[in-house]
Structure formats: structure tokens, C-alpha cells
S.K.: 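Quick one: the structure is below, and I'll ask about it shortly.
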2 protein chains.
Amino acid sequence: MTSPDPQIQDLQSQAGEAAGFLKQLANEKRLLILCRLAMGEATVGELCEVADLSQSAMSQHLAKMRSEKLVTGRKDGLQVHYSIADPRCVGILHHLKSQFCTAADALEGKA
Amino acid sequence: MTSPDPQIQDLQSQAGEAAGFLKQLANEKRLLILCRLAMGEATVGELCEVADLSQSAMSQHLAKMRSEKLVTGRKDGLQVHYSIADPRCVGILHHLKSQFCTAADALEGKA
DNA sequence: CTCCTGAATTAGTTGACACTAATTTAGAGA
DNA sequence: TCTCTAAATTAGTGTCAACTAATTCAGGAG
């Protein structure tokens, strides 16, 4: 169904690292968080609303992504403004968009 | 650290689906399996060696990916030859290669 | 038929994930 | 100071992921 592609062999040696990276994104809530952050900085409170999560659950997701350097927080008074720290996040977000948001999907409400 | 990108908003509605897809790839063994399959068909036995997995564990990984239509098996006598069934797998494999197999990585053994 | 081999399935275990609830920390204001 | 608020942390819980070991299934060879 797909033609052989020897180029991919290089990836095998990085499979562990790549899998670790993907694990962070393989969660609907974290994906929503990153989508939001791709549009610009956001506070924890804002992210809670976007992802429909409790403050605690959100904080744990952010801690996980912070520990992997995917996002960073900028403290400003009582609030913390988060943003994407790893450009690979943006890259994969775009790739996912190209595969999951096709023209057909965009017209899903058509007659 | 990254400039705002409103385009990503479309992805939010597909976050669940995308996360489900990523979950399948967010595992070193399954990534190795897919890398190998990207280079062409392989039997279960071959895949066991590539990923250093027991026959049972491999079969369970393949069953999981079969259920999501990521791979398909072609029976040939006693053996089953697997191949990639979802082109999105190939797409993301290439994307990952571009992000985890940079020129710098290729020279990691340099002086 | 019996036996063997490659693969799939099932049961059971272990550890990681994702939450809630409660607590703690840190900054701003009265 | 006391208090309130945003966020982080901790403890505890239920669910799911990934394996091993044992079994079953299916096809070929004798």
C-alpha cells in the first residue's frame, strides 16, 4: 500500500527519543493546550477553560510539559503566562493540521 | 519563543482524533515496527527481531495497529507479511525524521 | 492422522497516566 | 497583619498500557 522508503532507517536509532516526544502530544488535553499556545501566550486559567480541565489537572499537565521543555511559564504578578518553548511542537502541530484538517473536513457541514 | 499562529485553531476540533492517532505512535516499539514497515513488508518474526520483542508482545502491538487500520497483514502459508495501511503513518515518520535526524545527529560520531 | 512451526489470543501482573480533593506557596491588596 | 487569588504540589484512586506465560489456531510436512 506504500512504496518502500529506505530513508526512514535513520529514524530507528532515534525511536526512543521520538516516542518520548510523541507521548507528550498523545493526549487530547495537552494537544488542546499546545494548539492554544500556538496562537500565543495564555495564563493557566485560560488554558483550563480551553481544555475544560480543573486547575490541578491543568497544572499537572503543564508541569509534565515543562519538565520536557515543551513549554515555559513567565510569571507576572499572580498569573503565569505560558508559551511554547520547543519549536518541534509547532512543527508537528502543523503536520497534524495538514493530516487531520483537510479541505473535506472543513466542509463537513455541507449539504 | 514562537510567533502566534491562528491557523492552528482548526486543529482544536480534531484534537481527540489526532491524539488517538498519536497514541499509536507514541511507543518506541511501535515506532520501530513502522520504521521497518516503511522500508517494505515484513513478517512477524522479522519484526520481533527488529524491535527486540517476544512473539506474543509483537502480536499484541500488531493487533492494536490493525484495529486502527494502521497496518494490514497478508497471509502467506505459515507466515503473515505486514505492511503499512495508513499513509498518515508514512507522513509522520518523515516528519519525525526531519526533526530527530538532523545533519548534526548524523555526525554524532565526529571528532 | 500426528507433529511442528508461525502467529493470534487469553489471563494475570506491573507500572504509568489522568484525574479529584486537599494542601501549600507566592504575590497583591485592604 | 490578615485575606484573597492564581498556580503548584501532594496523596490517593481508578483506568489503561505493555509485558510474560500459557494456550489456541491454522497451515505445511511426515
Side-chain angles (χ1 to χ4, degrees), chain A residues 15-37 40-85, chain B residues 12 15-37 40-85 89:
Chain A
E17 201 186 335
F21 176 71
L22 289 179
K23 269 195 187 83
Q24 295 282 330
L25 308 198
N27 176 284
E28 177 174 10
K29 303 300 190 181
R30 284 195 294 273
L31 223 39
L32 286 171
I33 293 168
L34 291 172
C35 284
R36 172 62 187 81
L37 294 182
E41 267 192 0
T43 65
V44 177
E46 284 175 64
L47 293 173
C48 283
E49 292 192 1
V50 169
D52 188 33
L53 272 180
S54 71
Q55 179 267 319
S56 173
M58 174 57 65
S59 203
Q60 292 176 59
H61 280 298
L62 292 171
K64 182 169 295 194
M65 292 194 284
R66 251 185 296 129
S67 74
E68 297 290 325
K69 303 272 201 304
L70 262 44
V71 300
T72 45
R74 174 179 66 82
K75 204 152 194 175
D76 172 33
L78 283 181
Q79 310 193 113
V80 177
H81 297 261
Y82 275 88
S83 53
I84 293 180
Chain B
Q12 290 190 332
E17 202 185 335
F21 176 72
L22 289 179
K23 272 199 185 81
Q24 295 282 330
L25 308 198
N27 176 283
E28 178 174 10
K29 303 300 189 182
R30 285 195 293 274
L31 223 40
L32 286 171
I33 294 168
L34 291 172
C35 284
R36 171 60 187 83
L37 294 182
E41 266 192 1
T43 65
V44 177
E46 284 176 64
L47 293 173
C48 284
E49 292 191 1
V50 169
D52 188 31
L53 271 181
S54 72
Q55 179 267 319
S56 174
M58 175 57 65
S59 204
Q60 291 176 58
H61 279 298
L62 291 172
K64 184 170 295 194
M65 292 195 284
R66 251 185 295 128
S67 76
E68 296 291 324
K69 302 274 200 303
L70 263 43
V71 301
T72 45
R74 174 180 65 82
K75 204 153 195 175
D76 172 33
L78 282 181
Q79 310 193 113
V80 178
H81 297 261
Y82 274 87
S83 53
I84 293 181
C89 289

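Hydrogens, waters and symmetry mates play no part in the numbers below; they use all other heavy atoms, side chains included.
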S.K.: To the nearest Å, how far apart are B:Arg66 CZ and C:dA8 C1'?
M.R.: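 After rounding, the reported distance stands at 7 Å.
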
S.K.: Among A:Arg36, A:His81, A:Gln79, exactly one meets side-chain hydrogen bond (donor to acceptor under 3.5 Å, both in side chains) together with A:Glu46. Which residue is that?
M.R.: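 One option only clears the test, and that one is A:Arg36.
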
S.K.: How close or far is atom P of C:dA8 from atom CE of B:Met65, stated in whole angstroms?
M.R.: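 Going from CE in B:Met65 over to P in C:dA8 covers 11 Å.
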
S.K.: Could you give the CD-to-C1' distance, from A:Gln55 to C:dT23, as a whole number of Å?
M.R.: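 Rounding to the nearest Å, CD of A:Gln55 and C1' of C:dT23 are 11 Å apart.
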
S.K.: Can you measure B:His61 atom NE2 to C:dA7 atom P for me and round it to whole angstrom units?
M.R.: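 The answer, rounded to whole Å, is 16 Å.
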
S.K.: Does the side chain of A:Asp76 reach to within under 4.5 Å of the side chain of A:Thr43, using non-hydrogen atoms?
M.R.: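 A:Asp76 vs A:Thr43: side chains apart.
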
S.K.: From the set D:dT20, C:dA8, D:dA8, return the single nucleotide nearest to any side-chain atom of A:Tyr82.
M.R.: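 So the nucleotide nearest the side chain must be D:dA8.
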
S.K.: Under 4.0 Å between a side-chain N or O of B:Arg30 and OP1 or OP2 of D:dA17?
M.R.: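 Indeed not, no polar side-chain atom of B:Arg30 lies that close.
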
S.K.: Without decimals, in angstroms, what is the distance between A:Met58 CE and C:dA18 C1'?
M.R.: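 From A:Met58 CE to C:dA18 C1': 12 Å.
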
S.K.: Examine the base of D:dA8 for any acceptor or donor lying under 3.5 Å from a partner atom in the side chain of A:Gln60, and report the outcome as yes or no.
M.R.: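 Between D:dA8 and A:Gln60, which were checked side chain against base, a qualifying N/O pair under 3.5 Å is absent.
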
S.K.: When we call it a touch if two heavy atoms are under 4.0 Å apart, what does B:Lys29 touch: a base, just sugar-phosphate, or nothing?
M.R.: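 Sugar-phosphate, no base atom in range.
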
S.K.: Give, for atom SG of B:Cys89 and atom CD of B:Glu68, the distance between the pair rounded to the nearest 0.5 Å.
M.R.: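 Those atoms lie 10.5 Å apart.
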
S.K.: Answer with yes or no whether A:Ser56 presents, from its side chain, a donor or acceptor under 3.5 Å of a partner atom in the base of D:dT9.
M.R.: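 Looking at the base of D:dT9, it does pair with a donor or acceptor on the side chain of A:Ser56 (distance under 3.5 Å).
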
S.K.: Any donor-acceptor pair, under 3.5 Å, between the side chain of B:Gln79 and the base of C:dA7, if you only look at N and O atoms?
M.R.: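 No such pair is found, so the answer is no.
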
S.K.: Out of D:dC19, D:dA8, D:dA18, which nucleotide sits closest to the side chain of A:Val80?
M.R.: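 The nucleotide sitting nearest to the side chain is D:dA8.
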
S.K.: Taking only the side-chain nitrogens and oxygens of B:Ser54, find out if one of them lies under 4.0 Å from OP1 or OP2 of D:dT20.
M.R.: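 The answer is yes; a side-chain N or O of B:Ser54 sits under 4.0 Å from OP1 or OP2.
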
S.K.: Mind checking whether B:His61 and B:Asn27 have side chains closer than 4.5 Å, heavy atoms only?
M.R.: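 Yes; the side chains approach each other to less than 4.5 Å.
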
S.K.: Considering only C:dC19, D:dA18, C:dG27, which nucleotide approaches the side chain of A:Leu78 most closely?
M.R.: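 Comparing C:dC19, D:dA18, C:dG27 against the side chain of A:Leu78, the answer is C:dG27.
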
S.K.: Out of C:dA8, D:dA17, D:dT9, which nucleotide sits closest to the side chain of B:Lys64?
M.R.: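 For B:Lys64, the side-chain atoms sit closest to D:dA17.
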
S.K.: Among residues at least two apart in sequence or on other chains, which ones pass side-chain hydrogen bond (donor to acceptor under 3.5 Å, both in side chains) with B:Ser56?
M.R.: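 Scan of B:Ser56 (side-chain hydrogen bond (donor to acceptor under 3.5 Å, both in side chains), adjacent residues dropped) gives B:Gln60.
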
S.K.: Nearest to the B:Thr43 side chain among C:dA7, D:dC19, D:dA8, which nucleotide is it?
M.R.: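 Closest nucleotide among those given: C:dA7.
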
S.K.: Between B:Asn27 and D:dA18, does any side-chain N or O lie under 4.0 Å from OP1 or OP2?
M.R.: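 Checking B:Asn27 against D:dA18: at least one side-chain N or O falls below 4.0 Å of OP1 or OP2.
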
S.K.: Please report the distance, rounded to the nearest Å, between CG in A:Asp76 and C1' in C:dG27.
M.R.: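 Value for this atom pair: 11 Å.
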
S.K.: Find the distance A:Lys75:NZ to C:dA28:P and express it as a whole number of Å.
M.R.: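 Going from A:Lys75 (NZ) to C:dA28 (P), I get 9 Å.
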
S.K.: For the side chain of A:Ala57, counting heavy atoms from C-beta on, which of D:dA8, D:dT20, C:dC19 is nearest?
M.R.: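 Nearest to the side chain of A:Ala57 among the choices is C:dC19.
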
S.K.: CG of B:Leu53 versus C1' of D:dA17: gap in Å, rounded?
M.R.: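 My rounded result for the distance is 13 Å.
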
S.K.: Would you say the side chain of B:Leu32 lies within less than 4.5 Å of the side chain of B:Asp52, judging by non-hydrogen atoms?
M.R.: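 Not in contact.
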
